[in-house]
Asker: 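Let me give you the structure first, and then I'll get to my questions.
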Amino acid sequence: MGDDFKWPYFFNYPPYFTLQPVKDTRDKQIQLWKELILKYCKHNKIFFIHLEDDIPLFFNASIDRKLTYEARQLFVGALVSEGRAEWMDKAHRKCLVHWRKVQDWAEVILQFARDNGMEDGVMTIDEIRLGDETRGTDLAGIDKVVLIRALKLLEQRGKVAMFKGKSEDDEGVKFSAQL
Amino acid sequence: MDLMKDQLSTFRNQLEDFARKHKNDIKKNPVFRAQFHSMCATCGVDPLASNKGFWAELLGIGDFYYELGVQIVDICLATRSHNGGLIDLGELCSLLSKKRRALREPISEDDCRRAISKLEILGSGFEVFTIGKKKMVRSVPTELNKDHNHILEIAQARGYVTIEDVENELNWPSGRAVDSLELLLKEGLAMVDDGHSDGKRRYWFPCIGSMSSDAIDAESEYNL
């Protein structure tokens with residue numbers, strides 16, 4: 001999955017895959033896992049995690065350890081409390097990971113628009129997500145839900161106006177004359 | 001008496017000449033430095049005794065060990081949340097060397113120990129002690145009793161122990177093993193591992209075992 005991800009030292013140390021009973025140790029453990037989840041998702045541009053899946057993040061084959069479901073929920077839950085993740089369902093099986101905050105995505109979009117002379121220009125949602133212009137940039141492959149939220153922020157700031165075309169494919173934005 | 005005084009004075013002068021001539025070697029070469037210390041000890045001279053005076057000024061050697069001491073404290077603080085305030089001396093030296101890489105002034109375990117002994121004198125709660133075959137550096141007030149030392153010693157084999165290991169190798173009743181392990185757990189010196197397929201709980205000791213393998217960039221891991 002892309003170039004080699006650098007796993008931190010604790011990922012190769014078996015006890016970190018067991019929820020620690022001693023509070024101070026557990027606090028440290030939660031901190032480390034929270035950072036790893038964000039880093040991993042950012043590196044692989046993963047927006048959604050299904051907690052039941054044994055993705056490489058939760059399972060280290062080289063030391064034969066994997067996080068229990070309970071542990072996964074605790075660590076993701078800690079991210080949710082901080083606003084860095086969101087549960088997508090009541091059963092807490094699926095979550096959206098904000099490895100980049102929505103307001104930071106808004107800035108990325110704005111910068112992209114400025115860099116490409118998009119003042120007064122128009123782009124559809126799909127073009128932003130999957131088009132040629134954004135290929136190779138941070139915006140390529142951005143999740144649709146996250147993108148729309150970021151655009152709504154920009155709309156509030158008067159930087160874009162969102163529009164809906166005849167079909168879903170026509171959803172898009174017009175960038176204002178002054179970015 | 002006078003003869004002895006004269007002889008001592010001659011030794012000291014020779015030592016000072018030697019130090020002046022070989023100042024760079026002393027600074028750059030840990031083996032040379034260790035030999036220099038031996039020579040000093042023979043004459044009853046302690047170049048680290050004071051930060052002022054001839055030795056400190058000539059060699060800046062007081063500064064050198066002071067600097068090491070500060071860096072050692074940094075490393076111990078940075079790794080404390082992982083190892084509970086107990087670190088293998090060899091590992092500490094390795095991390096220290098990595099931290100000083102850019103300076104191109106290699107240091108030895110001997111340098112490390114001298115710097116720590118200065119820290120010990122300052123009463124900063126540092127202590128070097130031996131467990132089994134290894135030397136450990138303690139940077140927290142937690143004192144280990146004999147039972148703990150025994151457990152750490154048998155943990156050196158694989159980095160962890162099971163309750164069974166402790167009971168069998170030390171001939172202890174179950175209660176004693178569990179109590180000691182639980183205490184080490186509470187002190188932050190041990191971590192539990194329930195993930196092995198054999199279902200047995202393992203107690204791992206981060207202070208045993210290495211953080212400084214090639215696979216990791218220890219410096220960035222600990223923000224050294």
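All values below were derived from every heavy atom in this structure, side-chain atoms included, with hydrogens, water molecules and symmetry-related copies excluded. Keep in mind that this is a model prediction, so the values were computed, not measured. A note on names: the letters A, B, ... follow the listed sequences, proteins ahead of strands, and every chain is numbered from 1.
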Asker: Check whether more than 12 heavy atoms from other residues, nucleotides or ligands sit under 6.0 Å from atom NZ of A/Lys174, and answer yes or no.
Answerer: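 More than 12 within 6.0 Å, yes.
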Asker: For B/Met191, which of A/Thr18, A/Val22, A/Thr25 qualifies under side-chain contact (heavy atoms from CB on, under 4.5 Å)?
Answerer: A/Thr25
Asker: Can you tell me how far apart CD (B/Glu187) and CG (A/Asp24) are? Round to the nearest 0.5 Å.
Answerer: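 With rounding to 0.5 Å, CD (B/Glu187) is 10.5 Å from CG (A/Asp24).
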Asker: Apply the test ring pair (Phe, Tyr, Trp, His ring centres under 6.0 Å) to residues A/Tyr9 and B/His82: give CA-CA distance (whole Å), side-chain angles for both, the deciding distance (0.1 Å), then the verdict.
Answerer: CA-CA 11 Å; A/Tyr9 75 90; B/His82 176 71; 4.9 Å; yes
Asker: Which heavy-atom pair separates B/Phe205 from A/Tyr13 by the least distance, and what is that distance?
Answerer: C-OH, 3.3 Å
Asker: Carefully, step by step, assess A/Asp64 and B/His196 under the rule side chain to side chain contact (heavy atoms under 4.5 Å, CB included).
Answerer: CA-CA 8 Å; A/Asp64 194 26; B/His196 198 280; over 6 Å; no
Asker: State whether the number of non-hydrogen atoms from other residues, nucleotides or ligands found under 6.0 Å of A/Lys152 atom NZ is greater than 12.
Answerer: no
Asker: To the nearest 0.5 Å, tell me how far A/Arg65 CZ sits from B/Asp193 CG.
Answerer: 4.0 Å
Asker: If you count every heavy atom of other residues, nucleotides or ligands that lies below 6.0 Å from A/Lys66 atom NZ, does the total exceed 12?
Answerer: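 It does not: A/Lys66 NZ has 12 such atoms or fewer within range.
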